[in-house]
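To start, the structure itself, in C-alpha cells.
Not measured: the values here are computed from a predicted model. Chain A is the first sequence line, chain B the second, and so forth, proteins listed ahead of strands; every chain is numbered from 1.
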Protein chains: 2
Amino acid sequence: MARATGIAVWTRIAAQLREDIASGAIVPGGRLPPEAALASRFAVNRHTVRRALEDLARDRLIRIEHGRGSFVAEPVLDYQINLRPRFSEWVRRHNREPFGDKLSLRMIDPADLPECTIIREVLGLAAGEPVLELLRRGTADARPLSLSRHIFPARLEGLHAALLNHATITAALAQIGIADYLRLRSRITCRMPTPRECALLELERDAPVLHCENVNVTAANTPLELCFAIYPSHRVALIVEPTA
Amino acid sequence: MARATGIAVWTRIAAQLREDIASGAIVPGGRLPPEAALASRFAVNRHTVRRALEDLARDRLIRIEHGRGSFVAEPVLDYQINLRPRFSEWVRRHNREPFGDKLSLRMIDPADLPECTIIREVLGLAAGEPVLELLRRGTADARPLSLSRHIFPARLEGLHAALLNHATITAALAQIGIADYLRLRSRITCRMPTPRECALLELERDAPVLHCENVNVTAANTPLELCFAIYPSHRVALIVEPTA
DNA sequence: TTGTATTTGTCCGTATGTATT
DNA sequence: TAATACATACGGACAAATACA
C-alpha cells in the first residue's frame, strides 16, 4: 500500500476492505484473514490494519471477536412487530424474495407437545381436541431467516388441505374464509438453538436466536393460531413502535 | 415410594418435586439431583423419575439440559414494551422491590463510543457535541434484571447533577423540567453476554441476553435519550401488544 | 487438544394391572 | 371368560452432550 498520497493509509485499507466485502469477495458471515495476514498483504504494521478494522466495526460492517477473528456482518432485516404478521410482505418490503419451506404438517393432540398448557388455554381447546401443527422455514433470497411452528385448532374446516395447497398462511386462511388475522400478543425471549435448528437455519452453534410466541386472532377476535418462531439474531432484529 | 395407592408412582414423584421446588428446598436456578440419584431416593427405576421430570418440564417448572442436569426455572418477569419505559413501575407491578444501581456516569464525546453514528443521528448531535452516559443495573428483590446504558445530550441543563441525586431516571428528568418521556422505537436483538456483563448480572456465560436499543423522546417529540439495555433471557420476557 | 467421567436421551425388551370389547 | 389395548413400571445397553483434568 503506497504512502504519501495525502490520505491516511488506514483509510485506504478500510476502503479496500469495504470493497472486498461489497463485492462479495468475503461472504456475509465469513471470516476475514487474521490481522497479521492483512498486515503482510498491505505491507503495513498490524496496528494500521487494526485501525482500519476498528473503522469497519464502528460501522457494523464487521464484528471483531476477541481471540476468534473478524467476521463480515450479515445484513440484518428489521421486522416490525405490528398488528398483522405477514412474513412474505415483510421480506418483500426489504426487496428480497421470500419463500416458505413447509417442513411438516400433521394433526396432533396438544398433550403430546411440550407447550400443551399454553396451547389449550390460548386456543380455547377442550381436552383431547386435536390441533394442526405446521413447521415452516422462512427464507429471503434463499437465506434462512426463521423457523416457525404454527398451531391451529384442527376443527377449522379444510385448513389441512389449504395449508398444503398454498405457499403462504395468509392464502391458506383466505381459502377457508378467513380474510384477515391479527396479532394479539407477542412474547419475546431468546435462547440457544438446537443442533437441528442450526442445520435448518445454517447457523453456528454459538449464535443465539430470538424466540417469539405469537397469539394471533381473527378479525372477530376469536383465537386462531399460536405461533412459535425463532430468528437468528445476526440476521433479524425486531422493531417495536408503540402507538398509544 | 409406596405403590398401589391408585395414583401412578410418577405422578406422586412429580408432586413431591413440585413441593420441593415450591418450598424453596431447591432454589430457582439451582440444580436438581441427577436422575439416578432421584431414582434411588424414591426407590424406583430411572424411567419413572424421567416421566415425572418430563411432567415438570412440560409445565416449565424445570428445564432439562442434555448432559448437564435439570434446573429449577427462575420466575420470568414479563416486561411490556409500551409507550412509557419505566423500570421501577414495571418491577413493582410484579410485587418486587426495584432498585437501580448507578454503575457510572460520565460526559463523553460520542466519537469515542462504538455506537457513534446512531447516537448522533438519533439525538441530532453536531460533530463534537458531548453526551452524558449513565450505566445502570436494575434489580428486583436484589436479583439483577438489566444492564442499561443511557445516552443523553449533555446540553440538557442540570441533568448530570439530577441523575446523581435521584434514584430513578424519571425523577431526575422531572427535576430538570421533563415531566414525561415516551418510547418512540425499540429495536430488539439478542447476543451472548461479555464476562463483565455475566459478573454484573450474576449470569452463566452460556445464557444469551435480550438486547434492546430504545429511542425515547419528550412529550413534545424532541429526541431525549438513546438507551441500550440487556436482559437475561431466563429472567425477563418482552411483551408486545399491538394496538393499532 | 485429548481422554475420562458424569449426566441425560433413546432404544430395546419384559411384565403387570386395568379397562374395554 | 377370553381377547385386546393401554398405561405403568422395570431392567439393560448404548448414544449424545457436557464437564473437567
Atom-pair distance (CD on B:Glu65; C1' on D:dA19), nearest Å:
13 Å

For B:Arg235, is there an ion pair with B:Asp141 - N to carboxylate O distance below 4.0 angstrom?
no

Whole angstrom is fine here: how far is it from CE in A:Met192 over to P in D:dA17?
15 Å

B:Arg96 versus B:Leu77: any side-chain heavy-atom pair under 4.5 Å?
yes

Which whole-number value in Å describes the distance from B:Arg31 CZ to C:dT6 P?
12 Å

Can you measure A:Glu197 atom CD to D:dA17 atom P for me and round it to whole angstrom units?
14 Å

If you compare every side-chain N and O of B:Arg68 against the phosphate oxygens of D:dA19 (OP1, OP2), does one of them come in below 4.0 Å?
yes

Can you tell if the side chain of B:Ile151 reaches within under 4.5 Å of the side chain of B:Cys227, non-hydrogen atoms only?
no

Within this structure, what is the CZ-to-P distance between B:Arg63 and D:dA17, rounded to whole angstrom?
19 Å

Heavy atoms under 4.0 Å is the rule here; annotate nucleotides 11-20 of chain C 5' to 3' with B where the base is hit, S where only the sugar-phosphate is, and - elsewhere.
B---------

Is the phosphate of D:dG11 approached by B:Asn45 (side-chain N or O, under 4.0 Å from OP1 or OP2)?
yes

Dump the intermediate steps for side-chain contact (heavy atoms from CB on, under 4.5 Å) on B:Leu210 and B:Leu238, then the final yes or no.
CA-CA 9 Å; B:Leu210 286 163; B:Leu238 305 177; 3.9 Å; yes

Look at the side chain of B:Arg46 and the base of C:dG9, then say whether one donor and one acceptor between them are separated by less than 3.5 Å.
yes

Under 4.5 Å between any side-chain heavy atoms of A:Val122 and A:Leu184, yes or no?
no

Is there a side-chain contact between B:Val209 and B:Leu203 (heavy atoms, below 4.5 Å)?
yes

Assess whether a salt bridge exists between A:Arg136 and A:Asp101, defined as any Lys/Arg side-chain N lying under 4.0 Å from an Asp/Glu carboxylate O.
no

Angle of first-five versus last-five pair axes in the helix from C:dT2-D:dA21 to C:dT21-D:dA2, to 10 degrees:
10°

Using a strict 4.0 Å threshold on nitrogen-to-oxygen distance, state whether A:Arg92 and A:Glu97 make a salt bridge.
yes

In whole angstroms, the gap separating C1' of D:dA9 from CZ of B:Arg12 amounts to 12 Å

Salt bridge (Lys or Arg N to Asp or Glu O under 4.0 Å) between A:Glu213 and A:Arg185: does it pass, once the steps are laid out?
CA-CA 8 Å; A:Glu213 176 189 300; A:Arg185 188 165 185 274; 5.1 Å; no

Distances for protein N or O near nucleotides 5-8 of chain D N or O, under 3.5 Å:
unit_1, atom_1, unit_2, atom_2, d
D:dT8, OP1, B:Trp10, NE1, 3.4

N-O pairing of B:Arg31 and B:Glu65 below 4.0 Å
no

Integer-rounded Å distance: D:dA16 C1' and B:Arg50 CZ
12 Å

Provide, to the nearest angstrom, the distance between the CZ atom belonging to B:Phe42 and the P atom belonging to D:dC10.
13 Å

Student check: side-chain heavy atoms of A:His47 and A:Asn45 closer than 4.5 Å:
yes

